[in-house]
Amino acid sequence: MKPPRRRYGLLAVLVALIVLASLQIQFHHLKEDRLAGDRTFATTTTTTTTDRVHWRRKRTGADGLPRGIVHSHSDMYLRPLWDSGANPKNKNDNHNALLAMAVGISQMQNVDIMAHKFLNQNYTVMLFHYDGNVDGWRNLEWSDKAVHILAHNQTKWWFAKRFLHPDVVAIYGFIFLWDEDLGVDNFDPRRYLDIMVSEGLEITQPALDPDLSTDIHHRITIRNKMTKVHRRIYDNRASMNCSDESKGPPCTGWVEGMAPVFSRDAWRCVWHLIQNDLIHGWGLDMKLGYCAQGDRAEKVGVIDSEYVVHQGIPSLGGPSLRSSGMKAAVTDLVFSLQTPRRSLDLRTHIRRQSSAELEKFKERWNSAVREDEEWTDPFEA
C-alpha cells in the first residue's frame, strides 16, 4: 500500500533543508579559506561594549619586523669592540661630513695632510685604494680611524656608486668626493660648510688658486679674491659668451668633478645619476645642476674664501708625474724606467675611454629625455 502523499511532501522538504544546510556550511568554509590567504592572525580585545576581532594584513620584508627595531640608514663610523664611551660626532660642530677619496700610495703624503683637516673636525674619512696597497698606510697615526676599501684600478665614481649609497651615508649632511691631488693649506672644512649652509648652496667646490694650480680647465673654478662665493662668470669671448642671461654650465650652475661637495639631498640625486659602467665620470659635471634641489644658478656655487690647489697629478694608468715623498719618487722612477711605453699607452687608453664614455653618457641622457614623456626640463628656456 503506498504511503500518503503528505508523507512524501514532508520527506522532500526535509531533504531540501539538509541540502541547503550543507551548501551553507560549504560556502562558509570556502569564505574562511579565502580570508585566510589575506589575514595572518586575529587578536581579541575587550571593550566596554563587546569583544572584537582585529585582523592584520601580512607584512613581509623589513615591514615584517617590529617598527621600533628598524634602522633604515647606516654610517661609516668605526665602532670599538669594547665600550670606549667616545662619541664619534663632535657635539660642538653643527655639521656631519664624509670625505671620500680614491688614493694611491704615491700620494700618501698629500692625502695625509688632507685627512688631518677633516679628522680634526671629527669628520669621517674613507679611502678607496685603487693601487691595492692598504698596508702601506698603516704607519699613519690616523689610519685606523679611516675606512679603507680596496679595488684595483677603479675610479672614485666606481667606488662611490658601490659604497656610498644614499641610505648608507644618510647620516652625513655633506659628502666630499675629492681627488687625491688637492693642496689644502688654505682650506678649513668646517668654515667651508658654514659658508655652504649660510649661502643656501647644495652643490659646491672650493675655488682653485690660479697661481699654484697646474690643471685648471674652466674659468668658473678660478678663485675670486674679492668675493666669498661666486655662482657665475662673465666672458664675452667668441668661444664662450657668459653674461647675466646665461642659465647653465659652464657659465653658471656648475662645478668641476675634481672636488665636488654635495648636501645629503643633492647626493641622493647624484648617486642615481652615476652610471654603473661609465666609471670615469666625464659628462656628469654638466648634469649635476639637475640635482641642485632648485635653481642651479642659485644652489650651485664656487666658494672662494676656502680654496685649494689642484696639482694635476695623473694616477690611474701609470706613475705620477709629481710624486710626494722620496720613497714614492724613487718607486715612480723605477717604474717609469722599467715600463715607460706601457705607462704612456695606458694613459692614452684611459683618455680614449673617458672620451668614449662622455659620448655614451650624452646619448643615454638624450635617449632618456626622449623616452620619458612625463619629464620636463626645469631649465629649458
Side-chain angles (χ1 to χ4, degrees), residues 177-179 181-184 186-187 192 195-263 266 269-270 273 280-314 351 354-366 369 375-381:
L177 189 58
W178 279 14
D179 289 353
D181 61 344
L182 301 178
V184 292
N186 298 290
F187 179 85
Y192 183 92
I195 295 171
M196 192 169 169
V197 171
S198 65
E199 292 286 333
L201 296 168
E202 297 285 337
I203 300 176
T204 65
Q205 75 159 79
L208 304 183
D209 185 335
D211 299 324
L212 299 177
S213 298
T214 61
D215 208 15
I216 296 179
H217 301 107
H218 300 275
R219 282 193 58 196
I220 196 171
T221 65
I222 297 176
R223 182 191 177 208
N224 186 339
K225 297 180 180 180
M226 304 301 294
T227 62
K228 181 169 62 175
V229 174
H230 69 269
R231 294 174 170 84
R232 63 171 59 245
I233 58 167
Y234 298 91
D235 194 333
N236 58 3
R237 291 178 298 174
S239 58
M240 183 174 62
N241 183 19
C242 295
S243 65
D244 284 329
E245 303 302 319
S246 301
K247 303 299 182 183
C251 299
T252 186
W254 184 81
V255 297
E256 199 169 359
M258 95 282 287
V261 183
F262 306 99
S263 70
C269 171
V270 171
L273 182 63
H280 288 286
W282 282 26
L284 278 175
D285 52 359
M286 290 295 178
K287 303 302 181 185
L288 292 178
Y290 286 89
C291 293
Q293 312 302 300
D295 185 353
R296 62 187 175 188
E298 295 296 328
K299 297 292 186 178
V300 180
V302 178
I303 295 181
D304 298 296
S305 57
E306 300 296 323
Y307 58 97
V308 298
V309 174
H310 188 209
Q311 300 168 6
I313 300 174
R351 177 70 63 171
S354 301
S355 299
E357 288 192 4
L358 172 61
E359 295 306 315
K360 288 182 181 179
F361 182 78
K362 290 180 179 178
E363 292 174 4
R364 289 183 186 181
W365 178 273
N366 293 333
V369 170
W375 186 79
T376 56
D377 192 335
F379 306 118
E380 192 174 39

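Across Glu357 and Gly281, no two heavy atoms sit closer than the pair OE1-N, 4.2 Å. Residues Phe262 and Met196 approach most closely at C-CE, 4.2 Å, considering heavy atoms. Residues Asp377 and Tyr290 share a closest heavy-atom pair of OD2-OH, 3.0 Å. The nearest pair of heavy atoms linking Gly200 to Lys299 is O-CD, 3.2 Å. When all heavy atoms are compared, the tightest approach of Gly289 to Arg296 is O-CB, 3.7 Å. The shortest non-hydrogen separation linking Tyr234 to Arg219 is O-NH1, 3.6 Å.
Here the side chain of His230 pairs a donor or acceptor atom with the backbone of Ile220 at under 3.5 angstrom. Ser263 places a side-chain N or O within donor-acceptor distance of the main-chain N or O of Ala266, the cut-off being under 3.5 Å.
We find the NE2-OG1 distance between His310 and Thr221 to be 9.5 Å, quoted to the nearest 0.5 Å. Atom CD1 of residue Ile233 and atom OG1 of residue Thr252 lie 9.0 Å apart, to the nearest 0.5 angstrom. Note that CD1 of Ile222 is 12.0 Å distant from NE2 of His217, once rounded to the nearest 0.5 Å. Distance CD/Gln311 to CE/Met258: 12.0 Å, rounded to 0.5 Å.
Not counting sequence neighbours, the partners of Asn236 by the side chain to side chain contact (heavy atoms under 4.5 Å, CB included) test are Asn241. Taking Arg231 as the reference, Glu199 meet the side chain to side chain donor-acceptor pair (under 3.5 Å) condition, with sequence neighbours excluded.
Environment of CZ in Arg364: crowded, with over 12 heavy atoms of neighbouring residues, nucleotides or ligands closer than 6.0 Å. The number of heavy-atom neighbours closer than 6.0 Å to NZ of Lys287, taken from other residues, nucleotides and ligands shown, is above 12.
A salt bridge does not link Asp304 with Lys225: none of the charged nitrogens is closer than 4.0 Å to a carboxylate oxygen.
Between Tyr192 and Phe187, the ring centre distance stays below 6.0 Å.
Classification of the Trp375-Trp365 ring pair by plane angle, with boundaries at 30° and 60°, yields perpendicular.
Defined by atom type and a distance below 3.5 Å, a donor-acceptor pair is missing between the side-chain atoms of His218 and Glu256.
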